[in-house]
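Here the structure is laid out as C-alpha coordinates; the discussion comes afterwards.
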Number of protein chains: 2
Amino acid sequence: MVRKPNCKEVILDAAEAVVMEMGAVHMSLDVVARKARVSKGGLMYHFTTKKSLLKAMIERLVKQYYKDRAVVLEKIKEGKGRLLKAGILTALAPDKKRDRMGLSILVVAAHDPELLKSLKDAHRDHLNELTGSGLTLERAAVISLASDGLMLSEMLGFSPYSLAQKKNIKDTMIRMIEELESAA
Amino acid sequence: MVRKPNCKEVILDAAEAVVMEMGAVHMSLDVVARKARVSKGGLMYHFTTKKSLLKAMIERLVKQYYKDRAVVLEKIKEGKGRLLKAGILTALAPDKKRDRMGLSILVVAAHDPELLKSLKDAHRDHLNELTGSGLTLERAAVISLASDGLMLSEMLGFSPYSLAQKKNIKDTMIRMIEELESAA
DNA sequence: ACAAGTATACCGACCGGTCGGTATAGTGTC
DNA sequence: GACACTATACCGACCGGTCGGTATACTTGT
(Lines give C-alpha, C1' and ligand atoms only; values in the text may rest on other atoms or scores of the structure.)
Protein backbone atom coordinates (compact mmCIF):
# COMPACT_ATOMS: atom_id res chain seq x y z
CA MET A 1 0.00 0.00 0.00
CA VAL A 2 1.82 3.03 -1.29
CA ARG A 3 1.18 6.28 0.44
CA LYS A 4 0.41 8.94 -2.15
CA PRO A 5 2.45 12.01 -1.22
CA ASN A 6 -0.05 14.50 -2.64
CA CYS A 7 -3.15 12.43 -3.03
CA LYS A 8 -5.50 15.40 -2.92
CA GLU A 9 -3.82 17.02 -5.89
CA VAL A 10 -3.96 13.75 -7.81
CA ILE A 11 -7.68 13.48 -7.13
CA LEU A 12 -8.26 17.08 -8.17
CA ASP A 13 -6.38 16.47 -11.41
CA ALA A 14 -8.41 13.33 -12.01
CA ALA A 15 -11.64 15.22 -11.45
CA GLU A 16 -10.67 17.77 -14.06
CA ALA A 17 -9.69 15.05 -16.48
CA VAL A 18 -13.02 13.29 -16.00
CA VAL A 19 -14.92 16.48 -16.72
CA MET A 20 -12.88 17.01 -19.85
CA GLU A 21 -13.54 13.48 -21.07
CA MET A 22 -17.13 12.86 -20.07
CA GLY A 23 -18.79 16.18 -19.39
CA ALA A 24 -19.64 17.91 -16.15
CA VAL A 25 -22.79 15.93 -15.36
CA HIS A 26 -21.00 12.61 -15.53
CA MET A 27 -18.36 13.51 -13.00
CA SER A 28 -19.35 10.99 -10.35
CA LEU A 29 -17.28 10.18 -7.31
CA ASP A 30 -16.75 6.59 -8.36
CA VAL A 31 -15.41 7.59 -11.74
CA VAL A 32 -13.11 10.22 -10.26
CA ALA A 33 -11.77 7.72 -7.74
CA ARG A 34 -11.09 5.18 -10.46
CA LYS A 35 -9.37 7.81 -12.59
CA ALA A 36 -7.19 8.89 -9.67
CA ARG A 37 -6.33 5.23 -8.93
CA VAL A 38 -7.71 5.68 -5.48
CA SER A 39 -10.39 3.65 -3.77
CA LYS A 40 -13.69 5.32 -3.14
CA GLY A 41 -12.98 5.15 0.55
CA GLY A 42 -9.72 6.91 -0.08
CA LEU A 43 -11.46 9.66 -1.95
CA MET A 44 -14.04 10.05 0.79
CA TYR A 45 -11.23 10.22 3.29
CA HIS A 46 -9.89 13.38 1.66
CA PHE A 47 -13.16 14.88 0.50
CA THR A 48 -16.01 13.95 2.80
CA THR A 49 -18.67 15.15 0.35
CA LYS A 50 -18.91 15.84 -3.34
CA LYS A 51 -19.47 19.46 -2.50
CA SER A 52 -16.14 19.62 -0.70
CA LEU A 53 -14.46 18.21 -3.78
CA LEU A 54 -16.08 20.83 -5.98
CA LYS A 55 -15.12 23.51 -3.51
CA ALA A 56 -11.52 22.34 -3.56
CA MET A 57 -11.54 22.45 -7.33
CA ILE A 58 -12.38 26.12 -7.53
CA GLU A 59 -10.23 26.99 -4.55
CA ARG A 60 -7.19 25.59 -6.27
CA LEU A 61 -8.25 27.49 -9.34
CA VAL A 62 -8.69 30.77 -7.51
CA LYS A 63 -5.28 30.33 -5.94
CA GLN A 64 -3.75 29.93 -9.40
CA TYR A 65 -5.75 32.92 -10.55
CA TYR A 66 -4.24 35.15 -7.88
CA LYS A 67 -0.77 33.86 -8.61
CA ASP A 68 -1.18 34.81 -12.27
CA ARG A 69 -2.56 38.19 -11.35
CA ALA A 70 0.45 38.95 -9.19
CA VAL A 71 2.65 38.53 -12.23
CA VAL A 72 0.48 40.88 -14.29
CA LEU A 73 0.45 43.53 -11.59
CA GLU A 74 4.21 43.33 -11.29
CA LYS A 75 4.57 43.90 -15.02
CA ILE A 76 2.11 46.76 -14.94
CA LYS A 77 3.95 48.50 -12.12
CA GLU A 78 7.39 48.31 -13.63
CA GLY A 79 6.53 49.48 -17.14
CA LYS A 80 4.21 52.38 -16.56
CA GLY A 81 3.33 53.31 -20.12
CA ARG A 82 3.08 49.78 -21.28
CA LEU A 83 0.73 48.80 -18.54
CA LEU A 84 -2.13 48.12 -20.86
CA LYS A 85 -0.05 46.04 -23.15
CA ALA A 86 1.12 43.93 -20.28
CA GLY A 87 -2.37 43.56 -18.95
CA ILE A 88 -3.92 42.61 -22.23
CA LEU A 89 -1.13 40.30 -23.24
CA THR A 90 -1.54 38.35 -20.07
CA ALA A 91 -5.29 38.42 -20.26
CA LEU A 92 -5.32 37.12 -23.80
CA ALA A 93 -2.39 34.78 -23.56
CA PRO A 94 -3.23 31.30 -24.77
CA ASP A 95 -2.78 29.13 -21.74
CA LYS A 96 -3.22 25.43 -21.23
CA LYS A 97 -4.20 26.11 -17.66
CA ARG A 98 -7.02 28.34 -18.84
CA ASP A 99 -8.71 25.41 -20.55
CA ARG A 100 -8.79 23.38 -17.37
CA MET A 101 -9.95 26.45 -15.53
CA GLY A 102 -12.94 26.79 -17.79
CA LEU A 103 -13.85 23.16 -17.30
CA SER A 104 -13.67 23.37 -13.55
CA ILE A 105 -15.86 26.44 -13.58
CA LEU A 106 -18.30 24.60 -15.77
CA VAL A 107 -18.67 21.64 -13.41
CA VAL A 108 -19.07 23.79 -10.38
CA ALA A 109 -21.53 26.07 -12.12
CA ALA A 110 -23.53 23.06 -13.17
CA HIS A 111 -23.56 21.40 -9.75
CA ASP A 112 -23.73 24.26 -7.31
CA PRO A 113 -23.42 27.81 -8.69
CA GLU A 114 -23.11 29.22 -5.21
CA LEU A 115 -19.64 27.73 -4.90
CA LEU A 116 -18.46 30.16 -7.56
CA LYS A 117 -18.53 32.97 -5.05
CA SER A 118 -14.83 32.91 -4.28
CA LEU A 119 -14.06 33.01 -7.97
CA LYS A 120 -16.43 35.88 -8.36
CA ASP A 121 -14.56 37.73 -5.64
CA ALA A 122 -11.27 37.03 -7.38
CA HIS A 123 -12.71 38.39 -10.58
CA ARG A 124 -13.80 41.58 -8.89
CA ASP A 125 -10.44 41.90 -7.17
CA HIS A 126 -8.73 41.67 -10.49
CA LEU A 127 -10.82 44.52 -11.81
CA ASN A 128 -10.05 46.61 -8.75
CA GLU A 129 -6.35 45.96 -9.13
CA LEU A 130 -6.44 47.06 -12.75
CA THR A 131 -8.31 50.26 -11.98
CA GLY A 132 -6.06 50.82 -8.98
CA SER A 133 -3.07 50.73 -11.32
CA GLY A 134 -4.26 53.80 -13.18
CA LEU A 135 -6.70 52.30 -15.61
CA THR A 136 -10.18 53.72 -15.89
CA LEU A 137 -12.95 51.30 -15.16
CA GLU A 138 -13.95 51.17 -18.79
CA ARG A 139 -10.55 50.24 -20.10
CA ALA A 140 -10.08 47.69 -17.37
CA ALA A 141 -13.47 46.29 -18.25
CA VAL A 142 -12.51 45.92 -21.87
CA ILE A 143 -9.46 43.89 -20.92
CA SER A 144 -11.46 41.90 -18.47
CA LEU A 145 -14.29 41.23 -20.91
CA ALA A 146 -12.00 40.18 -23.69
CA SER A 147 -10.28 37.81 -21.33
CA ASP A 148 -13.60 36.36 -20.22
CA GLY A 149 -14.76 36.05 -23.79
CA LEU A 150 -11.71 34.10 -24.78
CA MET A 151 -12.13 31.86 -21.78
CA LEU A 152 -15.74 31.14 -22.63
CA SER A 153 -14.77 30.33 -26.18
CA GLU A 154 -12.08 27.90 -25.15
CA MET A 155 -14.28 26.47 -22.42
CA LEU A 156 -17.03 25.52 -24.84
CA GLY A 157 -14.69 24.51 -27.62
CA PHE A 158 -15.62 27.51 -29.72
CA SER A 159 -12.85 29.91 -30.68
CA PRO A 160 -12.55 29.49 -34.45
CA TYR A 161 -9.35 31.49 -34.48
CA SER A 162 -6.02 30.09 -35.54
CA LEU A 163 -2.95 30.88 -33.50
CA ALA A 164 -1.82 33.48 -36.03
CA GLN A 165 -5.25 35.07 -35.98
CA LYS A 166 -5.21 35.20 -32.20
CA LYS A 167 -1.94 37.06 -32.36
CA ASN A 168 -3.44 39.57 -34.80
CA ILE A 169 -6.45 40.04 -32.61
CA LYS A 170 -4.26 40.72 -29.62
CA ASP A 171 -2.19 43.21 -31.59
CA THR A 172 -5.32 44.98 -32.73
CA MET A 173 -6.60 45.30 -29.22
CA ILE A 174 -3.30 46.60 -27.95
CA ARG A 175 -3.22 49.18 -30.72
CA MET A 176 -6.77 50.17 -29.96
CA ILE A 177 -6.07 50.76 -26.33
CA GLU A 178 -2.75 52.49 -26.89
CA GLU A 179 -4.40 54.96 -29.22
CA LEU A 180 -7.02 55.63 -26.66
CA GLU A 181 -4.27 56.12 -24.13
CA SER A 182 -2.43 58.75 -26.18
CA ALA A 183 -5.66 60.50 -27.14
CA ALA A 184 -6.67 60.95 -23.53
CA MET B 1 -57.15 15.78 -20.20
CA VAL B 2 -56.62 19.26 -21.52
CA ARG B 3 -54.68 19.58 -24.72
CA LYS B 4 -51.95 22.19 -24.48
CA PRO B 5 -51.79 24.20 -27.69
CA ASN B 6 -48.00 24.62 -27.71
CA CYS B 7 -46.91 22.07 -25.20
CA LYS B 8 -43.38 21.77 -26.55
CA GLU B 9 -42.68 25.45 -26.05
CA VAL B 10 -44.09 25.30 -22.54
CA ILE B 11 -41.79 22.39 -21.71
CA LEU B 12 -38.79 24.17 -23.19
CA ASP B 13 -39.58 27.26 -21.10
CA ALA B 14 -39.94 25.09 -18.02
CA ALA B 15 -36.60 23.44 -18.67
CA GLU B 16 -34.89 26.80 -18.81
CA ALA B 17 -36.62 27.92 -15.64
CA VAL B 18 -35.52 24.76 -13.83
CA VAL B 19 -31.91 25.30 -14.83
CA MET B 20 -32.10 28.85 -13.60
CA GLU B 21 -33.54 27.79 -10.25
CA MET B 22 -31.72 24.58 -9.46
CA GLY B 23 -28.60 24.42 -11.60
CA ALA B 24 -27.83 22.46 -14.73
CA VAL B 25 -27.11 19.12 -13.08
CA HIS B 26 -30.44 19.03 -11.31
CA MET B 27 -32.48 19.46 -14.44
CA SER B 28 -34.17 16.06 -14.40
CA LEU B 29 -37.06 15.08 -16.62
CA ASP B 30 -39.39 14.66 -13.65
CA VAL B 31 -38.70 18.15 -12.39
CA VAL B 32 -39.09 19.71 -15.82
CA ALA B 33 -42.36 17.87 -16.33
CA ARG B 34 -43.68 19.05 -12.99
CA LYS B 35 -42.63 22.61 -13.76
CA ALA B 36 -44.35 22.49 -17.14
CA ARG B 37 -47.49 21.05 -15.51
CA VAL B 38 -47.23 18.04 -17.73
CA SER B 39 -46.98 14.42 -16.73
CA LYS B 40 -43.73 12.65 -17.33
CA GLY B 41 -45.41 10.58 -20.00
CA GLY B 42 -46.53 13.74 -21.69
CA LEU B 43 -43.01 15.07 -21.70
CA MET B 44 -41.66 11.83 -23.10
CA TYR B 45 -44.26 11.96 -25.81
CA HIS B 46 -42.85 15.21 -27.13
CA PHE B 47 -39.20 14.52 -26.37
CA THR B 48 -38.45 10.82 -26.57
CA THR B 49 -35.12 11.16 -24.77
CA LYS B 50 -33.45 13.69 -22.56
CA LYS B 51 -30.94 14.27 -25.31
CA SER B 52 -33.72 15.29 -27.68
CA LEU B 53 -34.92 17.82 -25.12
CA LEU B 54 -31.45 19.28 -24.79
CA LYS B 55 -31.13 19.37 -28.56
CA ALA B 56 -34.42 21.23 -28.83
CA MET B 57 -33.22 23.72 -26.25
CA ILE B 58 -30.18 24.80 -28.22
CA GLU B 59 -32.00 24.59 -31.52
CA ARG B 60 -34.54 27.11 -30.33
CA LEU B 61 -31.68 29.19 -29.05
CA VAL B 62 -29.77 29.07 -32.31
CA LYS B 63 -32.92 30.06 -34.17
CA GLN B 64 -33.23 33.12 -31.93
CA TYR B 65 -29.55 33.82 -32.44
CA TYR B 66 -29.95 33.96 -36.20
CA LYS B 67 -33.01 36.14 -35.92
CA ASP B 68 -31.06 38.65 -33.81
CA ARG B 69 -28.15 38.54 -36.20
CA ALA B 70 -30.39 39.37 -39.14
CA VAL B 71 -31.34 42.60 -37.40
CA VAL B 72 -27.69 43.50 -36.77
CA LEU B 73 -26.71 42.81 -40.36
CA GLU B 74 -29.54 44.97 -41.60
CA LYS B 75 -28.34 47.83 -39.43
CA ILE B 76 -24.77 47.37 -40.57
CA LYS B 77 -25.76 47.42 -44.24
CA GLU B 78 -27.87 50.55 -44.10
CA GLY B 79 -25.49 52.78 -42.15
CA LYS B 80 -22.14 52.09 -43.74
CA GLY B 81 -19.89 54.22 -41.61
CA ARG B 82 -21.63 53.37 -38.41
CA LEU B 83 -21.40 49.69 -39.02
CA LEU B 84 -19.16 49.06 -36.10
CA LYS B 85 -21.28 51.04 -33.76
CA ALA B 86 -24.33 49.11 -34.78
CA GLY B 87 -22.52 45.82 -34.45
CA ILE B 88 -21.08 46.55 -31.08
CA LEU B 89 -24.21 48.04 -29.68
CA THR B 90 -26.13 44.95 -30.54
CA ALA B 91 -23.40 42.66 -29.38
CA LEU B 92 -23.16 44.36 -26.02
CA ALA B 93 -26.80 45.16 -25.57
CA PRO B 94 -28.06 44.02 -22.20
CA ASP B 95 -30.66 41.46 -23.07
CA LYS B 96 -32.89 39.37 -20.88
CA LYS B 97 -32.84 36.67 -23.50
CA ARG B 98 -29.08 36.47 -23.26
CA ASP B 99 -29.32 35.26 -19.68
CA ARG B 100 -31.52 32.35 -20.60
CA MET B 101 -29.24 31.68 -23.52
CA GLY B 102 -26.26 31.33 -21.26
CA LEU B 103 -28.12 28.99 -18.97
CA SER B 104 -29.24 26.75 -21.79
CA ILE B 105 -25.72 26.58 -23.08
CA LEU B 106 -24.55 25.66 -19.63
CA VAL B 107 -26.93 22.68 -19.31
CA VAL B 108 -26.14 21.36 -22.71
CA ALA B 109 -22.43 21.81 -22.19
CA ALA B 110 -22.71 19.96 -18.91
CA HIS B 111 -24.74 17.07 -20.28
CA ASP B 112 -23.47 16.56 -23.77
CA PRO B 113 -20.98 19.10 -25.16
CA GLU B 114 -21.30 17.61 -28.62
CA LEU B 115 -24.78 19.06 -28.92
CA LEU B 116 -23.26 22.53 -28.95
CA LYS B 117 -22.12 22.01 -32.51
CA SER B 118 -24.98 23.88 -34.13
CA LEU B 119 -24.40 26.81 -31.82
CA LYS B 120 -20.74 26.70 -32.68
CA ASP B 121 -21.65 26.91 -36.34
CA ALA B 122 -23.91 29.87 -35.66
CA HIS B 123 -21.07 31.57 -33.82
CA ARG B 124 -18.75 31.07 -36.74
CA ASP B 125 -21.39 32.27 -39.19
CA HIS B 126 -21.77 35.43 -37.18
CA LEU B 127 -18.07 36.10 -37.47
CA ASN B 128 -18.14 35.48 -41.20
CA GLU B 129 -21.05 37.84 -41.60
CA LEU B 130 -19.22 40.57 -39.73
CA THR B 131 -16.06 40.16 -41.79
CA GLY B 132 -18.17 39.89 -44.94
CA SER B 133 -19.65 43.30 -44.14
CA GLY B 134 -16.28 45.00 -44.46
CA LEU B 135 -14.83 44.40 -41.02
CA THR B 136 -11.39 42.92 -40.71
CA LEU B 137 -11.17 39.68 -38.83
CA GLU B 138 -9.49 41.36 -35.91
CA ARG B 139 -12.15 43.98 -35.40
CA ALA B 140 -14.87 41.44 -35.82
CA ALA B 141 -13.12 39.28 -33.29
CA VAL B 142 -12.99 42.09 -30.78
CA ILE B 143 -16.72 42.61 -31.06
CA SER B 144 -17.31 38.91 -30.89
CA LEU B 145 -15.02 38.39 -27.93
CA ALA B 146 -16.48 41.24 -25.95
CA SER B 147 -19.94 39.87 -26.59
CA ASP B 148 -18.89 36.41 -25.48
CA GLY B 149 -17.22 37.82 -22.41
CA LEU B 150 -20.32 39.64 -21.37
CA MET B 151 -22.37 36.53 -21.90
CA LEU B 152 -20.06 34.44 -19.78
CA SER B 153 -20.20 37.01 -17.03
CA GLU B 154 -23.98 37.10 -16.99
CA MET B 155 -24.14 33.34 -17.34
CA LEU B 156 -22.11 32.74 -14.21
CA GLY B 157 -23.61 35.62 -12.30
CA PHE B 158 -20.40 37.60 -12.46
CA SER B 159 -20.48 40.97 -14.16
CA PRO B 160 -19.91 43.42 -11.31
CA TYR B 161 -20.86 46.30 -13.55
CA SER B 162 -23.81 48.54 -12.93
CA LEU B 163 -26.04 49.50 -15.79
CA ALA B 164 -24.41 52.93 -16.02
CA GLN B 165 -20.98 51.35 -16.06
CA LYS B 166 -22.01 48.98 -18.79
CA LYS B 167 -23.07 51.94 -20.88
CA ASN B 168 -19.69 53.57 -20.32
CA ILE B 169 -17.90 50.41 -21.27
CA LYS B 170 -19.86 50.17 -24.47
CA ASP B 171 -19.14 53.81 -25.30
CA THR B 172 -15.46 53.26 -24.68
CA MET B 173 -15.35 50.29 -26.99
CA ILE B 174 -17.22 52.13 -29.69
CA ARG B 175 -14.80 55.05 -29.43
CA MET B 176 -11.87 52.68 -29.55
CA ILE B 177 -13.06 51.02 -32.70
CA GLU B 178 -14.10 54.22 -34.39
CA GLU B 179 -10.66 55.67 -33.87
CA LEU B 180 -9.17 52.58 -35.36
CA GLU B 181 -11.56 53.00 -38.27
CA SER B 182 -10.47 56.55 -39.07
CA ALA B 183 -6.80 55.72 -38.59
CA ALA B 184 -6.96 52.96 -41.19
C1' DA C 1 -76.43 12.46 -39.03
C1' DC C 2 -73.92 9.31 -36.74
C1' DA C 3 -71.44 5.30 -35.42
C1' DA C 4 -66.80 3.29 -36.13
C1' DG C 5 -62.16 3.67 -36.64
C1' DT C 6 -57.77 5.90 -36.34
C1' DA C 7 -54.32 9.16 -35.08
C1' DT C 8 -52.83 12.28 -31.69
C1' DA C 9 -51.95 13.90 -27.06
C1' DC C 10 -51.31 12.78 -22.62
C1' DC C 11 -51.30 10.17 -17.86
C1' DG C 12 -48.88 7.90 -14.08
C1' DA C 13 -47.17 3.58 -12.25
C1' DC C 14 -43.22 1.12 -12.65
C1' DC C 15 -38.37 -0.83 -13.73
C1' DG C 16 -33.39 -1.29 -13.82
C1' DG C 17 -29.60 1.20 -12.87
C1' DT C 18 -26.68 4.88 -10.92
C1' DC C 19 -25.60 8.22 -7.57
C1' DG C 20 -23.83 10.23 -3.16
C1' DG C 21 -22.85 8.65 1.03
C1' DT C 22 -22.00 5.20 5.03
C1' DA C 23 -19.89 1.41 7.24
C1' DT C 24 -16.55 -1.78 8.31
C1' DA C 25 -12.66 -4.80 8.33
C1' DG C 26 -8.09 -4.95 6.99
C1' DT C 27 -3.07 -3.32 5.50
C1' DG C 28 1.31 -1.07 4.90
C1' DT C 29 4.00 3.20 6.64
C1' DC C 30 5.93 6.58 9.79
C1' DG D 1 -0.35 2.99 17.48
C1' DA D 2 -1.90 6.81 14.81
C1' DC D 3 -2.17 7.70 10.01
C1' DA D 4 -3.36 7.00 5.25
C1' DC D 5 -5.20 4.44 2.84
C1' DT D 6 -7.56 -0.35 0.25
C1' DA D 7 -11.42 -3.21 -0.69
C1' DT D 8 -16.01 -4.29 -0.57
C1' DA D 9 -20.65 -4.25 0.67
C1' DC D 10 -24.58 -1.79 1.30
C1' DC D 11 -28.47 1.94 1.55
C1' DG D 12 -32.12 5.04 0.09
C1' DA D 13 -33.00 8.54 -3.24
C1' DC D 14 -33.36 9.61 -7.64
C1' DC D 15 -32.75 9.20 -12.64
C1' DG D 16 -33.89 8.17 -17.58
C1' DG D 17 -36.84 5.50 -19.97
C1' DT D 18 -40.88 2.03 -20.80
C1' DC D 19 -45.52 0.72 -20.96
C1' DG D 20 -50.47 0.04 -20.75
C1' DG D 21 -54.08 2.76 -20.71
C1' DT D 22 -57.23 6.88 -21.62
C1' DA D 23 -59.28 11.10 -23.36
C1' DT D 24 -59.85 14.01 -27.36
C1' DA D 25 -60.04 15.29 -32.38
C1' DC D 26 -60.34 14.11 -37.14
C1' DT D 27 -61.85 11.12 -40.94
C1' DT D 28 -64.85 8.00 -43.25
C1' DG D 29 -68.38 4.68 -44.62
C1' DT D 30 -73.31 4.42 -44.54
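Below, each value reflects all heavy atoms present in this structure, side chains not excepted, and no hydrogens, waters or symmetry copies. Lettering follows sequence order; numbering is per chain, from 1.
- Residues that satisfy the side-chain contact (heavy atoms from CB on, under 4.5 Å) test with A/K55, not counting sequence neighbours, are A/E59, A/L115.
- Protein atom NZ of A/K50 is 13 Å distant from nucleotide atom C1' of D/dC14, rounded to whole Å.
- A/L54 places its CG atom 15 Å from the P atom of C/dC19, with the value rounded to the nearest Å.
- Contact between the side-chain N/O atoms of A/H46 and the OP1/OP2 oxygens of D/dA4 is not found at any separation under 4.0 Å.
- Atom-to-atom distance recorded for B/S52:OG and B/M57:CE is 11.5 Å, nearest 0.5 angstrom.
- Within residues 21-40 of chain B, the residues that have a heavy atom under 4.0 Å from DNA chain C are, in order of number, B/V38, B/S39.
- For B/Y45 and C/dA9, the shortest distance from a side-chain N or O to OP1 or OP2 is below 4.0 Å.
- Using a 4.0 Å cut-off between a side-chain N of Lys or Arg and a carboxylate O of Asp or Glu, B/R60 and B/D13 qualify as a salt bridge.
- Rounded to whole Å, the distance from CE on A/M44 to C1' on C/dA23 is 12 Å.
- Put simply, CG on B/D30 and NZ on B/K40 are 4.0 Å apart, with the number rounded to the nearest 0.5 Å.
- One interatomic measurement links the two molecules: CD1 of B/I11 to C1' of C/dA9, which rounds to 11 Å at whole-angstrom precision.
- Here the P atom of nucleotide D/dT8 and the CG atom of A/L43 are 17 Å apart, to the nearest Å.
- If you take CG of A/L53 and P of C/dC19, they are 15 Å apart, rounded to a whole angstrom.
- A/H123 meets the side-chain contact (heavy atoms from CB on, under 4.5 Å) test with A/Y65, A/S144, A/D148, B/F158, B/P160; sequence neighbours excluded.
- Within the 4.5 Å cutoff, the side chain of A/F47 has no heavy atoms near those of the A/V32 side chain.
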